[in-house]
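The first residue of the sequence shown is numbered 1, and numbering continues consecutively from there. Values below: all heavy atoms of this structure, side chains included; hydrogens, waters and symmetry mates excluded.
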Amino acid sequence: VGITDKYWAAAVIPDQSKTYDARFVATQTGAKAYQADLREGEVSVAPGASVSASSKLFAGAKVVQLVDNYEKNLNIKNFDLIIDWGWFYFITKPLFKVIDFFYKLLGNFGLAILLVTVMLKGLFFPLANKSYASMAKMKAVQPQLKELQERYKEDKPKLQQEMMALYKRERINPVAGCWPMLIQIPVFFALYKVIFTTIEMRQAPFFGWIRDLSAPDPTSVFNLFGLIPFTPPHMLMLGAWPIIMGCTMFIQMKMNPEPPDPAQKLMFTWMPLIFTFMLGSFPAGLVIYWSWNNLLSVTQQGFIMKRHGVKIELWDNLRKLFLGKSSPSTA
């Protein structure tokens, strides 16, 4: 029973074999005050006899190995939850253990995160292979989709019906290409918790200007990354790593065939820019992970598509975006 913040905690630990009542009180009027206390059950003392009671006090940094040892050696139920592992506890804590293991080998949490990302890519490779194979089939039916769009451009419900029928005939899952991104969302949130809440990551340096993986990238494009003596407002702190992340995400998006639906096409076009600004205030370690993950995804997707004999759409999509036309081979 105690009080905690992100990195520190103070807690009273009762005798685990006895019953007790616990209470937490927060006073918000005037000077804020917080109190946590407990009361053990009644004890009967016979004449001339004696009893003893013991409890323990934890006060200090929430170091994962230290907390785990206390839970194991003192049999303190759920004591590891003093650290906020989040909803994805079953992913977050094992992920930290793996990252911490490689940190002890490499001496750098950033390098450990990059190595674990490679391992995760290898783990999910079969699913990614299946997804990119489905993308290859989607590319093969693009001419038929365009023909349907022309034929039923005035009848949207009929167009959707015919498109679904085409997908069914060709055994195509139109949302299969989303799986590589969807499966990394729990990992993303778990890694966010690891970087943001564990004291081991606090002030952990990477390389170059990143001196703290748990803090946002300190540079900003709006002062030319420190060349201009001007400190932008917080909302304009868009560092180099978020920009790298946005570029890698843009390249990854442009490797795929453009969605036939105009609304989806617009969303996919603007998504990298939105994520660039959104992740600008996130911990640098998380942005570095996302950038590296995107780069690995581009390499992986290029390899799989080449193996399936599918043309990579990157250059055609870039040409179409900036010049407004496709290459003669695609037209």
Side-chain angles (χ1 to χ4, degrees), residues 4-9 60-69 82-86 88 91-121 184 187-249 275-297:
T4 180
D5 66 1
K6 185 163 66 171
Y7 296 129
W8 321 96
K62 298 188 292 186
V63 179
V64 176
Q65 185 174 357
L66 189 67
V67 169
D68 285 349
N69 287 341
I82 202 171
I83 300 171
D84 181 16
W85 295 111
F88 297 104
I91 299 177
T92 307
K93 191 169 182 181
L95 182 63
F96 169 80
K97 294 281 189 180
V98 176
I99 291 174
D100 189 54
F101 171 79
F102 286 113
Y103 163 71
K104 290 171 182 175
L105 292 178
L106 302 172
N108 187 295
F109 269 115
L111 291 178
I113 290 171
L114 299 185
L115 182 56
V116 170
T117 307
V118 175
M119 293 174 59
L120 289 171
K121 276 294 177 187
Q184 67 179 314
V187 177
F188 176 83
F189 282 109
L191 186 61
Y192 174 80
K193 275 294 183 183
V194 167
I195 294 172
F196 191 69
T197 64
T198 58
I199 196 168
E200 288 83 352
M201 289 285 186
R202 181 172 179 258
Q203 298 178 350
F206 184 49
F207 294 106
W209 63 94
I210 302 298
R211 302 296 182 187
D212 185 356
L213 288 168
S214 66
D217 187 323
T219 61
S220 176
V221 68
F222 294 100
N223 63 4
L224 296 182
F225 307 108
L227 293 178
I228 301 176
F230 160 69
T231 302
H234 178 73
M235 62 181 299
L236 295 180
M237 290 299 291
L238 186 62
W241 272 108
I243 293 173
I244 293 171
M245 188 282 306
C247 292
T248 57
M249 188 176 185
F275 269 75
T276 298
F277 278 91
M278 190 170 70
L279 267 69
S281 59
F282 276 50
L286 198 64
V287 183
I288 292 170
Y289 155 77
W290 195 277
S291 304
W292 178 237
N293 183 72
N294 288 344
L295 186 60
L296 292 176
S297 296

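- Listed by chain and residue number, Phe196, Phe282 satisfy the ring-ring contact (aromatic ring centres under 6.0 Å, His included) test with Tyr192 (two or more places apart in sequence, or in another chain).
- The closest side-chain heavy-atom distance from Asp100 to Val64 is not below 4.5 Å.
- Formation of a donor-acceptor pair under 3.5 Å by the Thr4 side chain with backbone atoms of Trp8 is found in this model.
- The two residues Ala9 and Ile82 come nearest to each other via the heavy atoms CB-CD1, 3.6 Å.
- Inter-residue side-chain proximity for Val187 and Tyr289 is flagged as met; some heavy-atom pair is nearer than 4.5 Å.
- For the side chain to side chain contact (heavy atoms under 4.5 Å, CB included) test, residues two or more places apart in sequence or in another chain that qualify with Ser281 are His234.
- Here the shortest heavy-atom pairing between Ile195 and Pro283 reads CG2-CB, 3.7 Å.
- In this structure, Phe207 and Leu111 have side chains that are in contact, with non-hydrogen atoms separated by less than 4.5 Å.
- Residue pairs meeting the salt bridge (Lys or Arg N to Asp or Glu O under 4.0 Å) criterion with at least one partner in residues 189-202, sequence neighbours excluded, are Asp84-Lys193.
- Taking Lys93 as the reference, Asp68, Asp80 meet the side chain to side chain donor-acceptor pair (under 3.5 Å) condition, with sequence neighbours excluded.
- Contacts of Thr248 classified as side chain to side chain donor-acceptor pair (under 3.5 Å), with partners at least two apart in sequence or in another chain: Asn294.
- Using a 4.5 Å heavy-atom threshold, the side chains of Asn108 and Phe102 count as separate.
- For Ala284, the side chain to side chain contact (heavy atoms under 4.5 Å, CB included) partners two or more places apart in sequence, or in a different chain, are Ile210.
- The side chain to side chain contact (heavy atoms under 4.5 Å, CB included) search around Phe101 returns Leu105, not counting sequence neighbours.
- Checked against side chain to side chain contact (heavy atoms under 4.5 Å, CB included), Ile99 has the following partners two or more places apart in sequence or in another chain: Leu95, Phe109, Ala112, Ile113, Val116, Leu191, Val194, Met201.
- Contact between Ile288 and Leu213 at its shortest, heavy atoms only, is CD1-CD2, 4.0 Å.
- Atom CH2 of Trp292 is surrounded by 12 or fewer heavy atoms from other residues, nucleotides or ligands within 6.0 Å.
- Across Gly280 and Pro216, no two heavy atoms sit closer than the pair O-CB, 3.9 Å.
- For residues 205-219, the set of pairs meeting the side-chain hydrogen bond (donor to acceptor under 3.5 Å, both in side chains) definition, not counting sequence neighbours, comprises Trp209-Asp217, Asp212-Ser214, Asp217-Thr219.
- In this structure, Phe277 and Leu238 have side chains that are in contact, with non-hydrogen atoms separated by less than 4.5 Å.
- Not counting sequence neighbours, the partners of Phe188 by the ring-ring contact (aromatic ring centres under 6.0 Å, His included) test are Trp290.
- Distance check, rounded to the nearest 0.5 Å: NZ of Lys6 to CD1 of Ile83 gives 13.5 Å.
- Pairs passing the salt bridge (Lys or Arg N to Asp or Glu O under 4.0 Å) check and including a residue from residues 277-292, sequence neighbours excluded, do not occur.
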**Message:** Go through it in stages, so that I can follow the logic: the residues are Leu286 and Trp241, the test is side chain to side chain contact (heavy atoms under 4.5 Å, CB included), and I'd like the CA-CA distance, side-chain angles, deciding distance and then a yes or no.
**Reply:** CA-CA 10 Å; Leu286 198 64; Trp241 272 108; over 6 Å; no
**Message:** Could you walk me through whether Phe275 and Val287 satisfy the side chain to side chain contact (heavy atoms under 4.5 Å, CB included) test, starting with their C-alpha distance in whole Å, then the side-chain angles of each, then the deciding distance to 0.1 Å, before giving a yes or no?
**Reply:** CA-CA 10 Å; Phe275 269 75; Val287 183; over 6 Å; no
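- Here Ser297 pairs with Lys121 under the side chain to side chain donor-acceptor pair (under 3.5 Å) rule; sequence neighbours left out.
- Remark: Leu295 CG to Ile244 CD1 distance equals 10.5 Å, nearest 0.5 Å.
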